[in-house]
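Below is one structure, written out as structure tokens; the observations come after it.
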Amino acid sequence: MKVTIVGAGAMGCVFGARLASAGATVRFVDVNEAHIEAINQNGLECALDEGRFTLPLTASTASNAHGQSDLIIVFTKSAHTEAAIASVKHLIGDETYVLTLQNGLGAVEKIAHYAPRTRILHGVTTVPAELLGPGKVESKGKGKTQFYAVTGAPAVLSAIEQLFNKAGLETVADEDIEEAIWTKVIFNASMNATCALLDTTPGPLGDTQAGRDLAGTLVEEGAAVAHAVGVNVDASSVHAMTNMSMTQHRNHQPSMLQDLMAGRQTEIDDINGAIMRAGKEAGVETPVNETIYRLIKIREAL
Ligand code: NAD
């Protein structure tokens, strides 16, 4: 399978490295020149659970990538999805599928400007990844990937499922994908944004009753919106996830906290912002998500 990874950061590199090791023909497309040059000159240096190794892979900017792909995986941060997919529209042929496993809601709508919905796949992943520097990626610990087609059930689902599992990425083609996507976005709206705003990690947040109440209210608001748009999210399982995060991942720095600390734009528009907008359309009030959204927007601008 010819696979193009658009957004060859932490996640893109881990998925790309694993898929290449499983026999896929992988190329990376990114905008980071130093990272592109490092991959092309020295290969992609990987530190995975099974050990350290370097893969001779290639990377380029979109304008230097040619030839259509069987599968394009979009792995930018959500704010860059539209620009990224627009830049690779020449790589999308009549039989190309486009997969997004990014956090947040709304990537499908952006991708749908450039590929028919019948060839868009979406999902979620808990695979952990960190970019250590140009051309260097680390992933420690297991994760699970769930995905499905936006419409229909094309044969490509099982081909991708098999390839990903062969690559060591535990993956399931899951018909209830909307539920999985909303469950993750509600969890992120509750924990990521709150930790980012308060400059803390899940442990100290959960050590206070106020922190637990705030996280809980965000979950309830998100679940009410999900139900209003017809997605059957089980709020109690999201509460269990936030509780586990507060007790077992006490010192984990959520990506939104890392983004604010590094002065980068966060994914707030597609997390709390997306829940807020969906709530408005469905007639469900989301005052706490809206407040958190505004506070993060102010932090981004400071
Ligand atoms: P990242 O910042 O490490 O990588 C994003 C990459 O996209 C960067 O290399 C950047 O240069 C590139 N990019 C930006 N604009 C582009 C454009 N126009 N065209 C092509 N490339 C462009 O981010 P990440 O941590 O890999 O996260 C990617 C997505 O996966 C996010 O939605 C994130 O929330 C989600 N996610 C991350 C993790 C994790 O552990 N890192 C886990 C689960 C989900």
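Starting from 1, each residue takes its place in the sequence as its number. Keep in mind it's a predicted model, so treat the numbers as computed, not measured. Indexing begins at 1, ligand by ligand and atom by atom, following the structure's order. Below, all heavy atoms of this structure are taken into account, side chains as well, without hydrogens, waters or symmetry copies.
Protein heavy atom at the shortest distance from atom 23 (O) of ligand 1 is K77 CE, 3.4 Å. At the shortest separation from atom 7 (O) of ligand 1 among protein heavy atoms lies G7 CA, 3.4 Å. If you check which protein heavy atom lies closest to atom 17 (C) of ligand 1, you get V31 CG1, 3.5 Å. Looking only at heavy atoms of the protein, atom 3 (O) of ligand 1 is closest to A10 N, 2.9 Å. Distance from atom 29 (C) of ligand 1 to its nearest protein heavy atom, with residue and atom name: T76 O, 3.6 Å. Among all non-hydrogen protein atoms, the one lying nearest atom 4 (O) of ligand 1 is G9 CA, 3.2 Å. Atom 10 (C) of ligand 1 has as its closest protein heavy atom D30 OD1, 3.5 Å.
By the 4.5 Å heavy-atom criterion applied to side chains, T61 and E33 are counted as neighbours.
Residue-ligand proximity, K184 to ligand 1, at heavy-atom distances under 4.0 Å covers atoms 43 (C), 44 (C).
No part of T126 comes within 4.0 Å of ligand 1, judged by heavy-atom distances. The part of A8 lying near ligand 1 is the backbone, judged by heavy-atom distances below 4.0 Å. With a heavy-atom cut-off of 4.0 Å, E267 touches ligand 1 through its side chain alone.
Between P128 and ligand 1, no N or O atom pair is found at a separation short of 3.5 Å. Considering backbone and side-chain atoms alike, L131 places every N or O at 3.5 Å or more from each N or O of ligand 1. Residue contacts with ligand 1: S255 is placed with no nitrogen or oxygen under 3.5 Å of a nitrogen or oxygen of the ligand (distance criterion only). Close N/O approach between S87 and ligand 1 is not found [any backbone or side-chain N/O within under 3.5 Å].
A salt bridge links D270 and K110; the closest N-O separation between the charged side-chain nitrogens and carboxylate oxygens is under 4.0 Å. A salt bridge links E290 with K280; the closest basic N to acidic carboxylate O contact falls under 4.0 Å.
The heavy atom nearest to atom 30 (O) of ligand 1, considering only R264, M11, H80, is found in M11.
Surrounding NZ of K297 are more than 12 heavy atoms belonging to other residues, nucleotides or ligands, all under 6.0 Å away. Heavy atoms of other residues, nucleotides or ligands lying less than 6.0 angstrom from CD of Q209 number more than 12. More than 12 non-hydrogen atoms from other residues, nucleotides or ligands lie less than 6.0 angstrom from CD of Q258.
Of the N and O atoms on the side chains of E300 and T266, at least one donor lies less than 3.5 Å from an acceptor on the other residue.
Among all heavy-atom pairs drawn from I296 and A193, the shortest one is CD1-O, 3.7 Å.
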